[in-house]
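Here is the structure we will look at, set down as structure tokens.
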Amino acid sequence: MNKKLRKAVIAGNWKMNKTPEEAKELVRAIVPAAKDADCDVVVCVPYVDLFPVLEAAKGSKLGIGAQNCHWAPSGAFTGEVSAPMLSSMGVQYVIIGHSERRTYFGETDKTVNQRIRAALDNGLSVILCVGESLEQREQGVTAELVAMQTKIALGGVSGEELKRIIIAYEPIWAIGTGKTATAEQANEVCASIRSTVSSLYGSAAADALTIQYGGSMNAKNADELLSQPDVDGGLIGGASLKPDAFAQIIKAANR
Ligand code: PGA
């Protein structure tokens, strides 16, 4: 695999953290690290923080993302936010199919696919999350499960549109638990995702696809995880709320 073909992307997933005031402060602390980065740096923030964060990051290299979007452009969907709403604000990225959405909010492979369609139709780049539970890993179905999630999510996505997709491999058992996948485990599944994408779009498209690892990535383990041949970056939860740790992860991706 040729890592030089693709740019590393380090993305912070703030989850349900930070008030608008706190968000501005955190983003100001992250902007300098993004400035010196060789990789792309993104923060995916709660909806109410998007405006202040876009303002605070103006003129910087930091990409701004949301953590979900609905599949319809507008309508009677109380509590939801649409892709045109996000893109009209200047948001560039959106996380789709995070395991917390799948586990706590009934997100299915089908709705993940529908939300991706809406995001792409509105010019957004997508961070698509896939990954297995501990039980599924122990049952030995990780590769098949992740292939299925990937295939269903990418249904109807063209080769041209694939250029706006990042896939984040996030083993559910490693998220927020302090238990990181080993570098070998992370690389093995990222490579299997790349081969699934290759079977769908061909090897050139698969070689150009950014595949992140996510799940308790931190300043200490980032170096080893990010040096794996098929790991092209990280989706970082807890450590993305700490500017120093996040800056160190960005540095690890630069090497
Ligand atoms: P974590 O979260 O880094 O806190 O494990 C990762 C994620 O859920 O995206």
Side-chain angles (χ1 to χ4, degrees), residues 1-15 27 30-45 53-54 57 60-68 86 90-98 116 119-120 123-131 150 153-154 157 161-170 175 181 183 186-187 189-191 193-194 197 201 205-219 221-241 243 245-255:
M1 287 296 173
N2 191 345
K3 244 189 152 171
K4 290 199 189 84
L5 286 173
R6 38 191 192 263
K7 202 164 200 185
V9 181
I10 297 295
N13 173 11
W14 291 8
K15 309 194 179 186
V27 135
I30 290 170
V31 159
K35 182 167 172 267
D36 302 328
D38 216 13
C39 57
D40 287 346
V41 184
V42 179
V43 289
C44 297
V45 308
V53 160
L54 281 161
S60 80
K61 278 170 58 186
L62 191 62
I64 307 299
Q67 298 171 9
N68 195 14
L86 297 176
V91 170
Q92 301 138 285
Y93 293 85
V94 61
I95 296 174
I96 307 268
H98 191 279
I116 289 177
L120 292 172
L124 297 166
S125 293
V126 170
I127 300 177
L128 159 65
C129 300
V130 298
T150 303
L154 295 180
V157 172
E161 288 169 336
L162 186 72
K163 294 176 185 160
R164 280 190 284 130
I165 303 250
I166 292 166
I167 297 182
Y169 166 56
E170 298 208 304
I175 294 177
N187 193 64
V189 184
C190 288
I193 293 170
R194 202 177 303 287
V197 171
Y201 295 93
D207 277 347
L209 177 74
T210 295
I211 303 181
Q212 299 172 320
Y213 167 78
S216 300
M217 192 185 277
N218 57 40
N221 60 28
D223 245 341
E224 200 192 349
L225 287 161
L226 295 170
S227 63
Q228 296 299 306
D230 277 292
V231 178
D232 311 313
L235 182 56
I236 297 111
S240 73
L241 300 171
F246 197 55
Q248 271 186 278
I249 296 171
I250 293 167
K251 263 197 201 132
N254 286 344
R255 275 180 217 128

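If you're wondering where the values come from, they're calculated on a predicted model, not measured in any experiment. Values below: every heavy atom of this structure, side chains too, minus hydrogens, waters and symmetry copies.
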Quick one: does any side-chain atom of [X] pair with a main-chain N or O of [Y] as donor and acceptor, under 3.5 Å?
| X | Y | result |
| --- | --- | --- |
| E224 | A183 | no |
| E170 | Y213 | no |
| D36 | A33 | no |
| N254 | D38 | yes |
| Q248 | A219 | no |
| Q92 | I64 | yes |
| D232 | L226 | no |
| Y93 | A11 | no |

Could you pull out the closest heavy-atom pair between [X] and [Y], with the gap in Å?
| X | Y | value |
| --- | --- | --- |
| A222 | A252 | CB-CB, 4.0 Å |
| S216 | N221 | O-ND2, 3.0 Å |
| A239 | A245 | O-CB, 3.9 Å |
| A57 | V31 | CA-CG2, 4.4 Å |
| D230 | A191 | OD2-CB, 3.5 Å |

#### Entry: Worked verdict on R6 versus I211 for side-chain contact (heavy atoms from CB on, under 4.5 Å)
CA-CA 9 Å; R6 38 191 192 263; I211 303 181; over 6 Å; no
Do [X] and [Y] have side-chain heavy atoms sitting under 4.5 Å apart?
| X | Y | value |
| --- | --- | --- |
| V126 | R164 | no |
| L128 | I116 | yes |
| L225 | M217 | yes |
| N187 | P229 | yes |
| L154 | Y201 | yes |
| V231 | Y169 | no |
| C129 | L235 | yes |
| I127 | V94 | no |

### Task
Go through I236 and I10 one step at a time and tell me if the side-chain contact (heavy atoms from CB on, under 4.5 Å) criterion holds.
CA-CA 8 Å; I236 297 111; I10 297 295; 3.7 Å; yes
Gap separating the [atom1] atom of [X] from the [atom2] atom of [Y], nearest 0.5 angstrom:
| X | Y | atom1 | atom2 | value |
| --- | --- | --- | --- | --- |
| C190 | Q212 | SG | CD | 9.0 Å |
| L241 | I30 | CG | CD1 | 8.0 Å |
| L54 | L62 | CG | CG | 9.5 Å |
| I166 | T210 | CD1 | OG1 | 5.5 Å |
| S240 | K15 | OG | NZ | 8.5 Å |

### Query
When you look at N68 and H98, which way does the side-chain contact (heavy atoms from CB on, under 4.5 Å) test go after all the steps?
CA-CA 8 Å; N68 195 14; H98 191 279; over 6 Å; no
### Task
Report the C-alpha distance between I250 and C39 in whole Å, list the side-chain angles of each, state the deciding distance to 0.1 Å, and finish with yes or no for side-chain contact (heavy atoms from CB on, under 4.5 Å).
CA-CA 7 Å; I250 293 167; C39 57; 4.0 Å; yes
### Message
Can you list everything that forms a salt bridge (Lys or Arg N to Asp or Glu O under 4.0 Å) with E161? Sequence neighbours excluded, please.
### Response
R117
### Message
Going by side chain to side chain donor-acceptor pair (under 3.5 Å), name the residues that satisfy it together with D40, two or more places apart in sequence or in a different chain.
### Response
K7
### Message
I'd like to check the side chain to side chain donor-acceptor pair (under 3.5 Å) partners of K61; sequence neighbours left out, ordered by chain and number.
### Response
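None.
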